[in-house]
Structure formats: structure tokens, C-alpha cells
Amino acid sequence: MSDSPLPLASALHEPVLHWYSENARTLPWRQPGAGAWAVMVSEFMLQQTPVARVLPAYKLWMERWPRPADLAADPPGEAVRAWDRLGYPRRALRLHAAARAIVERHDGVVPDDHAALLALPGVGSYTAAAIASFAYGQRHAVVDTNVRRVFARALTGTAQPSISPTAADQRLAVRALPEDEPTAARWAVATMELGALVCTARIPRCSECPIRSRCAWVLAGSPPYDGPPRKGQTYEGTDRQVRGRLLAVLRAAAEPVPKTALDACWPDQAQRERALDGLVADGLVDPLPRNHYRLPA
DNA sequence: AATACGTGGCC
DNA sequence: TGGCCAAGTAT
């Protein structure tokens, strides 16, 4: 349960930071002056969705809703529609709700306080730390799947991190943090970028890695993953697939859609009804009179 | 603590 | 071909 700095990690600071200075991607939410709202929107979109797919939706979103108040002024259904096919559309609803909360509680300004961020809909421990660190330069352990993988290899010496985030991951990331605030913030993005570009899940590019000579996993001979099997996510035939189809119809429609149009999406009636009920319960779909449905107003 | 929650690209 | 993976959160 030590909170003391890790000597092993401090040796990684300089090479990782230097690597980042030369290899960081130029992403719109990292541009100077992008602002905390840009960071927040990108973080919501990047929750489980790759950068390449986020880019176009992100640009349209920021043109249309450049400030939290702009999004808050539109109905939630517009956020769901603009979410396009990024997946997990509840994120769109939560981002919209967060924008309204920011207007109501924070005068329309994305808060810089970690606890205030964490209190927003859709903001968990990762996203709160990411916004505080990336947008406001604060010193936080920003622990996502990339960072967990980098530390699992470089510090722990295992091929893959634990299947789900653990308190141990969090402690390790805290102990690895540089003392100095701006350096810690730089380290947070840098380690994440290293995990995204070099220390990748399947075939890590160790020959391009700035810390390969100090990596515990490489030093141990790059032993293969030997933990419990990671449970694969099935999708075909699940309620999630049905929800996706129903929502796709509603996103494409400018007017309320009759239930008969939704019925054409999926052959199994019981499953279709269950999926539609779920969407309504989640607030992603508004039921209207006369068996019509639409995105929430 | 498990499980639900989209979508698509890659090897 | 198809399992694996992608800047997680909420319940």
C-alpha cells in the first residue's frame, strides 16, 4: 500500500516524454486553445471507440456545438442523431446531460475540479482525471487501457494488464507519476500515446519503443500472456444488435416513425419488443401516441 | 463483482 | 474466417 515514488518508473520519465515530443499525433482536441469542452467531447467519444472513427463525428459536433451551452440548448435526440455510428449511444445522452449540468451548476464552464467532473453524467474516474489533466494541466493518474498495458509490461513484466481495472493499477499509476504538475500532465498523455502507437495490445512495436531497454516484460524475454482467458464479446443476435438497428432507423428519420417500420428491423418479435422497451427505458427513444417513435425531444 | 452497452477494422 | 480489440461507465 505504498504511496512512495517508484524509482523504476522515474527512469522512464525522460525517454517517454522525449518520445512523445517527437511522435505525438496532431489531434484536434490537442491543438493549442482547444479548450476543456473539446477535451471533454473527445473523451466521451473515445470511450471504447477508436480515434479514426471519432474524428469526423467530433469535427461536426464541435462545429455545431462549440460550447456546452450550445449543446444544452438542443434536445437530447439531436445529440443521439449526431452521435452517428460511434456506438454506445447512451454516451451521447450522457454528454448532453453533462452539458446541461455544466450550464446549471458551473455557469457553462467545464469544471476543473476532479470531484465536480466526477459528478457529471457519463464521467467516471478515467474521464475525470483525463479532463483535469489534459485540459487543465493538473497532476492526476490517468488510467485507461493503454496506460494499464504500458505499466503491466514496463513495470510489472506481464504481457497484458489485468482483465479489468484494479486498485493495484491505480496505485501503480499514482506512484509512477512525476512530482512536478506540468510534467505529470505531460506524462499522462505521453504514456497513453505510447500505448496507442507502440505498446499495442496485439503486436507491440518494441523496436520503436523508447523504453525497451528498461521494460520489465522485454527484460524477462517477452513471456506470452498466461492469465485467465479474456471473455470475448459476442454481438451477432444480441439485444445490442437489435437496439442498434432500431436506433439506426430513428436516426435516419426526420419525422416520427410508425412501429411497423421498426418491425421490419428484426424478425424475432419478442426480442424486438424487449430491445425497443430498453431503448425507451434508457431515454434513447420517445414513444408517441398512435404507435409512433422518435429520438427524444 | 458481473454484466450490459455499438460498431467496425484488423490480422 | 472470426475472434480480438478500441482513451469506460453505470448498475
Side-chain angles (χ1 to χ4, degrees), chain A residues 24-25 27-30 38-58 80 83-95 97-98 117-135 140-151 159-167 169-170 173 188-197 199-205 225 228-251 265 271 274-275 277-279 281-285:
Chain A
R25 290 167 291 181
L27 298 169
W29 46 87
R30 284 186 190 159
V39 171
M40 180 167 167
V41 170
S42 75
E43 289 305 334
F44 268 73
M45 291 186 169
L46 289 164
Q47 291 168 3
Q48 301 285 279
T49 302
V51 168
R53 209 177 323 151
V54 162
L55 247 16
Y58 169 86
V80 174
W83 200 253
D84 196 32
R85 283 182 285 186
L86 293 181
Y88 294 144
R90 289 191 294 194
R91 290 181 293 164
L93 226 41
R94 292 178 183 142
L95 180 52
L117 287 164
L118 199 51
L120 296 172
V123 176
S125 68
Y126 161 76
T127 303
I131 296 170
S133 178
F134 303 162
H140 292 280
V142 182
V143 186
D144 77 325
T145 188
N146 289 305
V147 168
R148 295 199 312 114
R149 189 174 53 249
V150 169
F151 289 170
Q160 300 291 342
S162 52
I163 291 175
S164 52
T166 64
D169 295 334
Q170 189 67 30
V189 238
T191 47
M192 198 172 304
E193 190 78 337
L194 185 64
L197 298 183
C199 194
T200 54
R202 268 174 289 192
I203 306 175
R205 299 165 170 80
Y225 177 70
R230 345 217 5 127
K231 54 183 188 300
Q233 4 165 253
T234 52
Y235 182 63
E236 284 298 317
T238 61
D239 285 7
R240 284 152 74 182
Q241 184 180 25
V242 185
R243 288 166 57 107
R245 292 213 187 163
L246 293 170
L247 216 49
V249 171
L250 294 169
R251 269 199 312 263
C265 293
Q271 189 178 22
R274 185 171 66 237
D277 287 349
L279 288 170
D282 288 347
L284 282 162
V285 172

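In the text below, chain A, chain B and the rest are named by the order of the sequence lines, each starting its count at 1. These numbers were taken from a predicted model, which means no experiment stands behind them. Computed over heavy atoms, backbone and side chain alike; hydrogens, waters and symmetry mates excluded.
For the pair A:Leu284 CG and B:dA4 C1', the interatomic distance rounds to 13 Å; values are reported in whole Å. The distance from atom CZ of A:Arg230 to atom C1' of C:dG3 is 13 Å, rounded to the nearest whole Å. Computed from coordinates, the A:Asp277 CG to B:dC5 P distance equals 13 Å when rounded to whole Å. For the pair A:Lys231 NZ and C:dC5 C1', the interatomic distance rounds to 13 Å; values are reported in whole Å. As rounded to whole Å, 11 Å separates atom C1' of B:dC10 from atom CZ of A:Arg205. One atom, CD1 of A:Ile163, and another, C1' of C:dC5, lie 14 Å apart when rounded to the nearest Å. Counting to the nearest Å, the P atom of B:dA4 and the OH atom of A:Tyr235 are 15 Å from each other. Atom CG in A:Leu246 sits roughly 13 Å away from atom C1' in B:dG6 (whole-Å rounding).
Nucleotides B:dC11 and C:dA7 place their P atoms 15 Å apart, quoted to the nearest Å. Distance noted for atom P between B:dG8 and C:dT9: 23 Å (whole Å).
The backbone N or O of A:Ala275 lies less than 3.5 Å from no partner atom in the side chain of A:Arg243, so there is not a single donor-acceptor pair. Between the A:Thr49 side chain and the A:Leu86 main chain, a donor and an acceptor come within less than 3.5 Å of each other. Checking side-chain atoms of A:Gln160 against main-chain N and O of A:Ala201 turns up a donor-acceptor pair under 3.5 Å.
Residues A:Asp169 and A:Ser162 share a closest heavy-atom pair of OD2-OG, 3.3 Å.
Residue A:Arg85 places at least one side-chain N or O closer than 4.0 Å to OP1 or OP2 of B:dG8. The phosphate of B:dG6 has neither OP1 nor OP2 within less than 4.0 Å of any side-chain N or O from A:Arg251.
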Test side-chain contact (heavy atoms from CB on, under 4.5 Å) applied to A:Phe151 and A:Val143, step by step: CA-CA 10 Å; A:Phe151 289 170; A:Val143 186; over 6 Å; no
Residue pair A:Tyr88, A:Arg240: steps toward the side chain to side chain donor-acceptor pair (under 3.5 Å) verdict: CA-CA 9 Å; A:Tyr88 294 144; A:Arg240 284 152 74 182; 3.1 Å; yes
Where protein sits on nucleotides 6-11 of chain C, one letter per nucleotide: B base, S sugar-phosphate only, - none, heavy atoms under 4.0 Å: BBBSS-
For residues 117-128 of chain A, which side-chain N or O atoms pair as donor and acceptor with protein atoms under 3.5 Å away, sequence neighbours left out?
from: A:Tyr126; atom 1: OH; to: A:Glu43; atom 2: OE1; distance (Å): 2.7
from: A:Thr127; atom 1: OG1; to: A:Gln47; atom 2: NE2; distance (Å): 3.0

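Looking at the side chain of A:Asp239, the nearest of the listed nucleotides B:dT7, C:dC5, B:dC5 is B:dC5.
Using a 4.0 Å heavy-atom criterion, one finds that A:Leu86 contacts the bases of the nucleic acid, with or without backbone contacts as well.
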